[in-house]
Each structure stands twice: as structure tokens, then as C-alpha cells.
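Let me begin by presenting the structure, written as C-alpha cells, before commenting on it.
Note that the structure is a prediction, hence the values are computed from the model and not measured.
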Amino acid sequence: MEDIIIRPATVADTPEMWHLIHELAVYERAPEELVLTPPQLAEDFENNHFFAFLAFKDEDLLGMALGYYMYSTWKGLSVYLEDLVVKEKFRRFGIGKMLFDAVLKYAKEKNAGKLVWQVLDWNTPAIEFYKKYNAEFAEEWITCKLTSEQIQKS
């Protein structure tokens, strides 16, 4: 696709970003797990809890890469890519690559010790995409989580 612009997000972009997050939740078969509201997303952005790069064609938001800093006791400052999402009708046009490359460049600029992300084991297109970058798939690591409800009960 021609005329695709990749740029850092602003707080004014957060309502549209939330719609992409919702689309991703539906794609990942878990829309009921999305409890984040658009106002909370905007507040979190203003408080620098995450960064994002957005893909636009004209005024239309086509995709985003959203991440945040993490710290590795072995590697130091690192970047975690939380979501890379492109609207379904715009997939397969290289927009995901443009967004991932923006995150790679950002990680290099920050001198990140590593760039980490997760991919669902059934998401074959994403797995194949990441293989093109020679990504390591850490199958020996198990992702653990506690929901906010579980945290409150603990």
C-alpha cells in the first residue's frame, strides 16, 4: 500500500486505538476479557505507561504497535511489545512489518537489552511473520497471570 504513514501515538489517538484493541480481543476469541475503557487508555497514555506507533493512510487508522518498558535483571532496560494489530481488511499489505520495524528501531534507540512479545500458539500467520525476523520461540517458558479480581482476593 502506498502513502502509509507510521507515527508515534498521541493522547488524541486513544479512542481509535481502543477500537483496534477491541478488534484484537475479538480476533483472539476473548472480547469479554477487555475491561479497559477508552478514558482509562487515555489516562494511562498521559501517564506514560505505554508507547505506541500507529499506521495511517490519509486519516484512517490501519494498525498499531503498543508496548512498554520492562526491566530484565540479566539484560537491563528492555521493551515489551504488548500488541501488534492491523485491521483485518488491511492485513497482508506490509503494514505489520512497518509497525514492527518501528518498534525495532525504537528498541535500538533506547539501547534495549531485549525485545519481548507473545504470540498465541494457534496464530499461524503471526508465527510465520515473526519467523522472518529470526525470533526465538521460548517454548520452555509458561506465561502466568493473575486477574485484578484474583489480585484483590490475595
Side-chain angles (χ1 to χ4, degrees), residues 1-72 77-110 112 114-130 132-133 135 141 143-154:
M1 292 189 83
E2 296 179 15
D3 304 325
I4 303 295
I5 303 294
I6 305 294
R7 67 161 174 80
T10 68
V11 71
D13 297 314
T14 58
E16 282 188 274
M17 291 168 59
W18 186 89
H19 288 290
L20 274 177
I21 293 166
H22 181 265
E23 183 175 323
L24 180 62
V26 170
Y27 176 77
E28 291 186 352
R29 307 171 189 161
E32 69 285 352
E33 291 188 37
L34 177 58
V35 297
L36 180 71
T37 64
Q40 183 65 54
L41 183 67
E43 181 179 326
D44 290 345
F45 183 84
E46 288 179 320
N47 289 322
N48 297 311
H49 292 314
F50 66 89
F51 64 87
F53 293 98
L54 306 179
F56 283 92
K57 180 171 174 61
D58 301 320
E59 299 295 318
D60 296 325
L61 178 61
L62 308 181
M64 75 171 179
L66 185 148
Y68 53 87
Y69 296 116
M70 57 184 275
Y71 196 83
S72 166
L77 179 70
S78 300
V79 172
Y80 188 86
L81 176 60
E82 177 68 23
D83 286 325
L84 175 61
V85 58
V86 175
K87 287 184 178 178
E88 187 171 5
K89 67 181 179 180
F90 297 106
R91 293 179 189 154
R92 305 277 183 211
F93 293 107
I95 297 166
K97 180 181 183 338
M98 294 169 72
L99 288 164
F100 192 77
D101 288 348
V103 173
L104 276 174
K105 181 180 176 190
Y106 184 79
K108 286 178 191 176
E109 290 170 355
K110 298 296 180 186
K114 63 182 177 177
L115 171 60
V116 180
W117 66 95
Q118 293 177 313
V119 60
L120 291 166
D121 61 358
W122 55 261
N123 192 344
T124 305
I127 292 168
E128 294 304 314
F129 172 80
Y130 294 127
K132 293 175 186 175
Y133 286 89
W141 288 90
T143 300
C144 303
K145 71 177 181 179
L146 293 173
T147 65
S148 60
E149 293 82 14
Q150 293 164 317
I151 292 168
Q152 295 305 315
K153 289 178 184 178
S154 297

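The two atoms that bring Val86 and Glu23 nearest to each other are O-OE2, 4.1 Å, heavy atoms only. Ala112 and Ser78 get closest at one heavy-atom pair: CB-CA, 4.1 Å. Here the closest heavy-atom approach between residue Val11 and residue Ala42 is recorded as CG2-O, 3.8 Å. Residues Leu34 and Ala25 share a closest heavy-atom pair of CB-CB, 4.3 Å. Contact between Val103 and Leu81 at its shortest, heavy atoms only, is CG2-CD1, 4.1 Å. Among all heavy-atom pairs drawn from Ile4 and Ile95, the shortest one is CD1-CD1, 4.4 Å.
Legend: residues meeting ring-ring contact (aromatic ring centres under 6.0 Å, His included) with Trp117, ordered by chain and number and at least two apart, are Phe100, Tyr130. Residues passing the side chain to side chain contact (heavy atoms under 4.5 Å, CB included) test with Asp13, sequence neighbours excluded: Arg7, Ala9, Thr10, Met17, Leu54, Phe56. A search for ring-ring contact (aromatic ring centres under 6.0 Å, His included) contacts involving Phe50 returns Phe45, not counting sequence neighbours. A search for ring-ring contact (aromatic ring centres under 6.0 Å, His included) contacts involving His22 returns Trp18, not counting sequence neighbours. With sequence neighbours left out, Trp122 forms a ring-ring contact (aromatic ring centres under 6.0 Å, His included) with Tyr27. Legend: residues meeting salt bridge (charged side-chain N to carboxylate O under 4.0 Å, His left out) with Glu128, ordered by chain and number and at least two apart, are Lys131.
To the nearest 0.5 Å, atom CD of residue Glu16 and atom CG of residue Asp60 are 8.0 Å apart. The CD atom of Gln118 lies 12.5 Å from the CG atom of Asn123; values are rounded to the nearest 0.5 Å. Considering CG of Leu66 and CG of Asp44, their distance stands at 10.0 Å, rounded to 0.5 Å. Distance check: His49 NE2 to Leu41 CG gives 11.0 Å after rounding to the nearest 0.5 Å. Separating the CD1 atom in Ile21 from the CD atom in Glu28 is a distance of 11.5 Å, to the nearest 0.5 Å.
Contact check on Lys97 versus Asp101 returns a salt bridge, with a Lys/Arg side-chain nitrogen under 4.0 Å from an Asp/Glu carboxylate oxygen.
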Test side chain to side chain contact (heavy atoms under 4.5 Å, CB included) on Leu104 and Tyr133; report intermediate values, then the result. CA-CA 10 Å; Leu104 276 174; Tyr133 286 89; 3.6 Å; yes

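The closest side-chain heavy-atom distance from Lys114 to Met70 is below 4.5 Å. In this structure, the side chains of Tyr69 and Lys110 come closer than 4.5 Å at one or more pairs of heavy atoms. Side-chain atoms of Ile6 and Leu99, non-hydrogen and from C-beta on, do get closer than 4.5 Å to each other.
Atom CD of Glu88 has 12 or fewer heavy atoms from other residues, nucleotides or ligands within 6.0 Å.
Although no hydrogens or angles enter the test, the distance criterion places a donor-acceptor pair under 3.5 Å between the side chain of Lys87 and the main chain of Leu61.
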